[in-house]
Amino acid sequence: MRPIFPIIAFFLIVATTQSRAQMQLPGAVGAPTPAGQSIAPPASAPRATTPPQGAYSGHFAAAKPPSVDSIIDKPFSLSGARGALQIERSGADLRISRLTAVGDKISRPNQSCEVSMGAEGPIGLKPLGSPDGVQRYELESTACPLQLDVLSGAVRARSPNGACSFPQADCRIDATGLWGPAGNSFSETQIKSIEKDRGALERAMRTHFRTLLDKYKKDKSAAQAAIKEQAGFSSERAQVCRDYDREEAVGFCSLRLTEARDFRLQARLAGEEGAARGDKSEKPARPARRPAPKPAPQAAPAPAAN
């Protein structure tokens, strides 16, 4: 029995030595990790530096604005309840095939009236680019040159000259506001989707606003103007959407105006970055310093005459 103990002791020493050698191997993995746990990477492995979702990566690119396809041949009303607006496509151009706006009589302001435009033919829409991040068109009418911003399934109407007067019809109309579908045209599924989308847009808008403020941290006046504008947006949205059909239950108007505001912030961010890149690219290169001219060699003195 005695010779067996030295043999067992020898194998124990060898096993212990091998286990220590394995533990000393660089990057070696020990015992299996229980399910649901992750193995820590080696100290020398680089960690991911991906910014969290919604964070500013240092290079901003504005999202693609809403397509005009979402407003073509759709029956819209001001605040989803008054008048009628329908936009059609004519080749590569857009035009209004129907526009009926409700207003007040010029002679008797306490009485309502309405004006129909487009009865004699479609009215053209002039593209004005995307000054606020979304496509903008102007109604080609000297009587009422409305400007329409294309949103997702709606248009935001603005009037640079205020209310439009039609003396022949004895009617003055104010067509500004959100033109979109009626409030009772949304299903319960669509209403839930609107609520979810608005929450996502609110978060995106706040992120873009904070990023813009960060760019203005060295410009106090610009930062104060941005803060004032952002604060005014909430009251403007409430004023525009207060009369929208079933807004309390649906929230469509608030969603679309939040979308428009977010695109405006994105456009401003993209413009700030473009200006910053332009400043760097347009900065004139410093001319290379020329070497100082070498002094002209002096002529050797003439030999003295004998």
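What you see below is based on every heavy atom in this structure, not just the backbone, and it leaves out hydrogens, waters and symmetry mates.
Counting heavy atoms from C-beta outward, P145 and L139 have side chains that stay 4.5 Å or more apart. In this structure, the side chains of R98 and L85 stay at 4.5 Å or more apart for every pair of heavy atoms. Inter-residue side-chain proximity for L94 and I72 is flagged as met; some heavy-atom pair is nearer than 4.5 Å. Between D149 and Y137, the closest side-chain pair of non-hydrogen atoms is not below 4.5 Å. By the 4.5 Å heavy-atom criterion applied to side chains, I87 and V155 are counted as neighbours. The side-chain heavy atoms of R256 and S152, taken from C-beta on, include a pair separated by under 4.5 Å. Between Q135 and P127, every side-chain heavy-atom pair lies at or beyond the 4.5 Å cut-off. L178 has its side chain within reach of F252: a pair of non-hydrogen atoms, C-beta onward, lies under 4.5 Å apart.
Using modelled atom types and a 3.5 Å distance limit, the side chains of Y216 and Q224 yield no donor-acceptor pair. A donor-acceptor pair shorter than 3.5 Å cannot be found between the side chains of S130 and D132. Using modelled atom types and a 3.5 Å distance limit, the side chains of R156 and Q147 yield no donor-acceptor pair. Using modelled atom types and a 3.5 Å distance limit, the side chains of D174 and T176 yield a donor-acceptor pair. Side-chain contact annotation: S107 with D170, donor-acceptor N/O pair under 3.5 Å present.
A salt bridge does not link R172 to D104: none of the charged side-chain nitrogens sits closer than 4.0 Å to a carboxylate oxygen. No salt bridge links R264 with E236; every basic N to acidic carboxylate O contact stays at or beyond 4.0 Å. In this structure, R237 pairs ionically with E202, as a charged nitrogen and a carboxylate oxygen lie closer than 4.0 Å. Of the charged side-chain nitrogens involved, none lies within less than 4.0 Å of a carboxylate oxygen, so that E114 and K105 do not count as a salt-bridged pair. Salt-bridge formation is not detected for the pair K74/E88: no Lys NZ or Arg NE/NH1/NH2 atom is positioned less than 4.0 Å from an Asp or Glu carboxylate oxygen. Between R198 and E195 there is no salt bridge, since none of the side-chain N atoms of the basic residue sits less than 4.0 Å from a carboxylate O of the acidic one. Salt bridge present: R89 and D69 bring a charged side-chain N and a carboxylate O closer than 4.0 Å.
Of all heavy-atom pairs between I191 and A249, the closest is CG2-O, 3.5 Å. Minimum heavy-atom separation, P66 to V134: CD-CG1, 3.9 Å. Taking both residues in full, the closest heavy atoms of C241 and S254 are given as SG-N, 3.5 Å, listed atom of the first, atom of the second, then distance. Across all non-hydrogen atoms, the minimal contact from C144 to I173 is SG-CD1, 4.4 Å. Between A182 and S185, the shortest heavy-atom contact is O-OG, 2.5 Å.
Note that the CE atom of M117 and the OG atom of S97 stand 12.5 Å from one another [nearest 0.5 Å]. Note that OH of Y244 is 9.0 Å distant from CG of L78, once rounded to the nearest 0.5 Å. Remark: L99 CG to R95 CZ distance equals 15.0 Å, nearest 0.5 Å. Here the NZ atom belonging to K217 is positioned 4.5 Å from the CG atom belonging to D214, to the nearest 0.5 angstrom. The structure places NE2 of H208 at 10.0 Å from CZ of R210, a figure rounded to the nearest 0.5 Å. Separation of atoms CD (E140) and CD1 (I123) is listed at 9.5 Å; rounding is to 0.5 Å.
Counting only distance, with no hydrogens or angles, the side chain of E247 and the backbone of C253 share a donor-acceptor pair below 3.5 Å. Put simply, the side chain of S70 gets close to the backbone of S67: a donor and an acceptor are under 3.5 Å apart. A donor-acceptor distance shorter than 3.5 angstrom exists from the side chain of T207 to the backbone of R203, with no hydrogens or angles considered. Judged by distance alone, the side chain of S159 and the main-chain N or O of G162 form a donor-acceptor pair under 3.5 Å. For the pair S187 (side chain) and Q190 (backbone), a donor-acceptor distance under 3.5 Å is present. Of the possible polar contacts, none joining the S112 side chain to the G103 backbone as a donor-acceptor pair under 3.5 Å is found.
Under the 4.5 Å side-chain heavy-atom criterion for Ile, Leu, Val, Met, Phe, Trp and Tyr, V240 and I71 are members of distinct hydrophobic clusters. Both L269 and L213 are part of a single hydrophobic cluster, where members link through side-chain heavy atoms under 4.5 Å apart. V150 and W179 end up in the same hydrophobic cluster when Ile, Leu, Val, Met, Phe, Trp and Tyr side chains are linked at under 4.5 Å. Taken together through direct or relayed side-chain contacts under 4.5 Å among Ile, Leu, Val, Met, Phe, Trp and Tyr, L146 and V68 form part of one hydrophobic cluster. Residue L201 is grouped with residue V250 when hydrophobic side chains (ILVMFWY) are merged at heavy-atom distances under 4.5 angstrom, including chains of intermediate members.
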- Query: Would L265 and M205 count as a side chain to side chain contact (heavy atoms under 4.5 Å, CB included) if you check the C-alpha gap in whole Å, the side-chain angles of each, and the deciding distance to 0.1 Å?
  - Reply: CA-CA 7 Å; L265 291 172; M205 180 182 65; 3.7 Å; yes

Kindly determine whether L255 and E259 satisfy side chain to side chain contact (heavy atoms under 4.5 Å, CB included), including the steps that lead there.
CA-CA 6 Å; L255 171 67; E259 173 191 43; 5.7 Å; no

Worked verdict on I227 versus Q230 for side chain to side chain contact (heavy atoms under 4.5 Å, CB included)
CA-CA 5 Å; I227 292 173; Q230 183 68 14; 5.9 Å; no

- request: Check the pair E229, R268 against side chain to side chain contact (heavy atoms under 4.5 Å, CB included), reporting the backbone distance first and the verdict last.
  value: CA-CA 13 Å; E229 181 182 304; R268 190 167 299 179; 3.3 Å; yes

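For A143, the side chain to side chain contact (heavy atoms under 4.5 Å, CB included) partners are S141, F166, not counting sequence neighbours.
Within a 6.0 Å sphere centred on CD of Q111, other residues, nucleotides and ligands contribute more than 12 heavy atoms.
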